[in-house]
Amino acid sequence: MAYDPDNIFAKILRGEIPNRTVFEDQHVLAFQDINPQAPVHVLVIPKGPYENMTVFSNEASTEEQVAFMRAIGEVLRITEVAEAGYRIISNNGQDGVQEVPHLHIHVLGGRRLGRMLDRPAA
Ligand code: 5GP
């Protein structure tokens, strides 16, 4: 499936939709989730047009991949969740129930997060 340049995160990257930025560098943007599921809920996205982790891990440059991992580390530092603990999630594709077709990592923390997986409602 081709990357959809009209997805909401592509619009955020182009500055067409505002965001509350937590961290940014040449390759990565991290911003507050609009519908937070925990006191800390930050989305980390690559700036390149990567639909999911499959594409990113296969096609992104080493520099982009390293920058992505380091940006997650920066978000953990900025949000101060490391000591109490946190969860990192990336939903991919249909079974992963990915809503926005631009790779993103959710960084969640600030409360006990409960079990890792829930049974699907349907
Ligand atoms: P997914 O279900 O694809 O893993 O997660 C998509 C996430 O993007 C959701 O947590 C949702 O709240 C968030 N989201 C959707 N639209 C926007 C938006 O316009 N701005 C921000 N900051 N987050 C968004």
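Ligands are counted one by one from 1 in listed order, and the atoms in each one are counted from 1 as well. Note that this is a predicted model, so its numbers are computed, not measured.
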Quiz prompt | Phe31: numbered ligand 1 atoms lying under 4.0 Å from its heavy atoms | solution = 21 (C), 22 (N)
Quiz item: Quick one: which ligand 1 atoms are inside 4.0 Å of a heavy atom on Asn91?
Solution: 1 (P), 2 (O), 4 (O)
Exercise. Specify the protein heavy atom at minimum distance from atom 19 (O) of ligand 1: its residue, its atom name, and the distance to 0.1 Å.
Key: Ile8 CG1, 3.6 Å
Quiz item: Which residue and non-hydrogen atom of the protein lie closest to atom 3 (O) of ligand 1, and at what distance in Å?
Solution: Glu99 N, 2.7 Å
Self-check item: Proximity to ligand 1 by part of Leu43, non-hydrogen separation under 4.0 Å
Solution: side chain
Exercise. Starting from atom 8 (O) of ligand 1, locate the nearest protein heavy atom and write down its residue, its atom name and how far away it is, to 0.1 Å.
Key: Phe9 CZ, 3.4 Å
Exercise. Heavy-atom contacts with Asn35 under 4.0 Å: which atoms of ligand 1 show up? List them by number with element.
Key: 12 (O)
Quiz item: Is there a path of hydrophobic side-chain contacts, each under 4.5 Å between heavy atoms of I, L, V, M, F, W or Y residues, that connects Val22 with Val40?
Solution: yes
Exercise. Verify whether the ring centers belonging to Phe68 and Phe56 lie closer than 6.0 Å.
Key: yes
Exercise. Just jot down the ligand 1 atoms closer than 4.0 angstrom to any heavy atom of Val97, in number order.
Key: 2 (O)
Quiz item: Ring centres of His104 and His106 under 6.0 Å apart?
Solution: yes
Exercise. Salt-bridge test for Glu64 and Lys47: reply yes if a basic N is under 4.0 Å from a carboxylate O, no otherwise.
Key: no
Practice problem: Check each atom of ligand 1 against the heavy atoms of Ile12 and keep those under 4.0 Å away; list them by number with element. | Solution: 20 (N)
Exercise. Could you walk me through whether Ile78 and Phe23 pass the side chain to side chain contact (heavy atoms under 4.5 Å, CB included) test, one step at a time?
Key: CA-CA 8 Å; Ile78 292 164; Phe23 172 81; 4.0 Å; yes
Quiz item: Is the distance between the ring centroids of Tyr50 and Phe9 less than 6.0 Å?
Solution: no
Quiz item: Counting heavy atoms only, which of Gln32, Gln37, Lys11 comes nearest to atom 22 (N) of ligand 1?
Solution: Gln32
Self-check item: Ile88 vs Ile72 side-chain heavy atoms within contact, under 4.5 Å
Solution: yes
Quiz prompt | Nearest-option assignment for atom 9 (C) of ligand 1, heavy atoms, candidates Leu103, Ile45, Asp33 | solution = Asp33
Exercise. Please determine, by modelled atom types, if His102 and Glu51 share a side-chain donor-acceptor pair under 3.5 angstrom.
Key: no
Practice problem: Check if His106 has a non-hydrogen atom at a distance under 4.0 Å from any atom of ligand 1. | Solution: yes
Quiz item: Are Val28 and Val81 connected in a single hydrophobic cluster, I mean Ile/Leu/Val/Met/Phe/Trp/Tyr linked by side-chain heavy atoms less than 4.5 Å apart?
Solution: yes
Self-check item: Of the listed options Asn52, Val100, Ile34, closest to atom 23 (N) of ligand 1 (non-hydrogen atoms)
Solution: Ile34
Quiz prompt | Per-atom contacts of ligand 1 with His104, taking only distances under 4.0 Å to non-hydrogen atoms | solution = 1 (P), 3 (O), 4 (O), 5 (O), 6 (C)
